[in-house]
Amino acid sequence: RRLSQAAGNSPRELAQKLVSAVQNGLERKNKQVILINSNDKNIDGKKYIYDPNYFLAKSYGSNAHSVDAYLDIAVVRAGYSAYSPSVGYKPMVHIVVRWIDASSAKVHFTKIFSWGSIYNDDKSTLIPAPDKYTVVGFEALIHDKARMVEGVHQGIPELSQHIIQAIGL
């Protein structure tokens, strides 16, 4: 059982907050960040997370911004999931990240990060969520929408740190 969007917060809104957190983290390391909006996403909801390239931009243009690298981040899924309602729903955020050298177009990496995932797979970097936001029972989960959103948003700082570490900074 899965709630794909927590209390009206879309993956796009979560992505914007995640990008902002990564940007702030990179700027604290004295890296200049230029945000480039890409509407060149392939998303139509028909593919699953195990094709990570599906959620990222098809191309990154001609480097008109004179950048060293592109960092493409897509929130694939966010909400709550549970093995069983009696065990409890846990917040989760699944993202796909690609790091590309802008001059050579070489892909340094494409990674899947799963914060709070209850599923164990070998394709993702799994990051545990705190038990503080585990909720037993669906009715209890949807009863407190503010707490629901807060639980999902707890993943943003940890995900941004993992992205920055993956870049090697």
Side-chain angles (χ1 to χ4, degrees), residues 1-25 35-58 70-100 107 109-167:
R1 298 174 187 236
R2 183 174 291 121
L3 295 173
S4 61
Q5 291 182 323
N9 272 345
S10 70
R12 179 178 293 279
E13 291 170 291
L14 277 171
Q16 290 168 341
K17 290 179 180 186
L18 180 58
V19 166
S20 179
V22 171
Q23 178 181 5
N24 292 337
L35 296 179
I36 302 169
N37 287 328
S38 173
N39 293 322
D40 186 25
K41 300 285 183 178
N42 299 317
I43 297 175
D44 66 10
K46 294 181 183 171
K47 293 248 182 167
Y48 190 57
I49 191 170
Y50 293 116
D51 182 6
N53 295 313
Y54 182 78
F55 297 96
L56 303 172
K58 293 179 213 165
Y70 294 106
L71 180 64
D72 194 349
I73 301 171
V75 174
V76 176
R77 191 178 314 125
Y80 279 73
S81 60
Y83 287 119
S84 158
S86 63
V87 174
Y89 289 88
K90 292 184 174 276
M92 54 88 175
V93 179
H94 299 278
I95 64 170
V96 179
V97 178
R98 182 187 291 149
W99 179 245
I100 307 102
V107 175
F109 67 76
T110 300
K111 294 187 179 209
I112 300 170
F113 294 94
S114 295
W115 177 83
S117 178
I118 60 172
Y119 304 103
N120 187 8
D121 72 60
D122 59 354
K123 294 178 171 65
S124 301
T125 299
L126 298 176
I127 308 160
D131 288 335
K132 175 182 178 181
Y133 292 96
T134 300
V135 179
V136 177
F138 184 76
E139 291 301 320
L141 176 66
I142 63 172
H143 176 71
D144 189 350
K145 291 185 180 185
R147 185 163 186 263
M148 221 166 96
V149 171
E150 182 182 342
V152 170
H153 285 224
Q154 292 302 306
I156 291 173
E158 287 190 66
L159 287 165
S160 67
Q161 290 173 3
H162 275 78
I163 292 168
I164 292 167
Q165 287 172 356
I167 293 170

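Fair warning: this is a prediction, and the values are worked out from it, not measured in the lab.
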Okay, side chain of Tyr133, backbone of Glu150: is any donor-acceptor separation there less than 3.5 Å? no
Minimum heavy-atom separation for Gly25 and Ile164, please, with both atom names. CA-CD1, 3.6 Å
Distance-minimising heavy-atom pair for Met92 and Ser117: CB-N, 4.2 Å
Can you name the closest pair of heavy atoms from Ala166 and Phe113 and give their distance? CB-CZ, 4.0 Å
Between Lys90 and Gly116, which heavy-atom pair has the shortest distance, and what is it? CB-O, 4.3 Å
Tell me whether His162 contacts the main-chain N or O of Glu158 through its side chain, where contact means a donor paired with an acceptor under 3.5 Å. yes
Out of Thr125, Val93, Leu126, which one pairs with Trp115 under the side-chain contact (heavy atoms from CB on, under 4.5 Å) rule? Val93
Side-chain contact, heavy-atom cut-off 4.5 Å: Leu141 with Arg147? no
Can you label the angle between the Phe109 ring and the Trp99 ring as parallel, tilted or perpendicular, going by 30° and 60°? parallel
Met148 side, atom CE; His153 side, atom NE2 - distance, nearest 0.5 Å: 10.5 Å
From OH (Tyr89) to CD1 (Ile142), nearest 0.5 Å: 9.0 Å
Which atom pair, heavy atoms only, marks the closest approach of Ile156 to Ala21? CG2-CB, 3.8 Å
Paired with Val97, the side-chain contact (heavy atoms from CB on, under 4.5 Å) test is passed by just one of Asp72, Leu18, Leu159, Leu71, namely Leu71
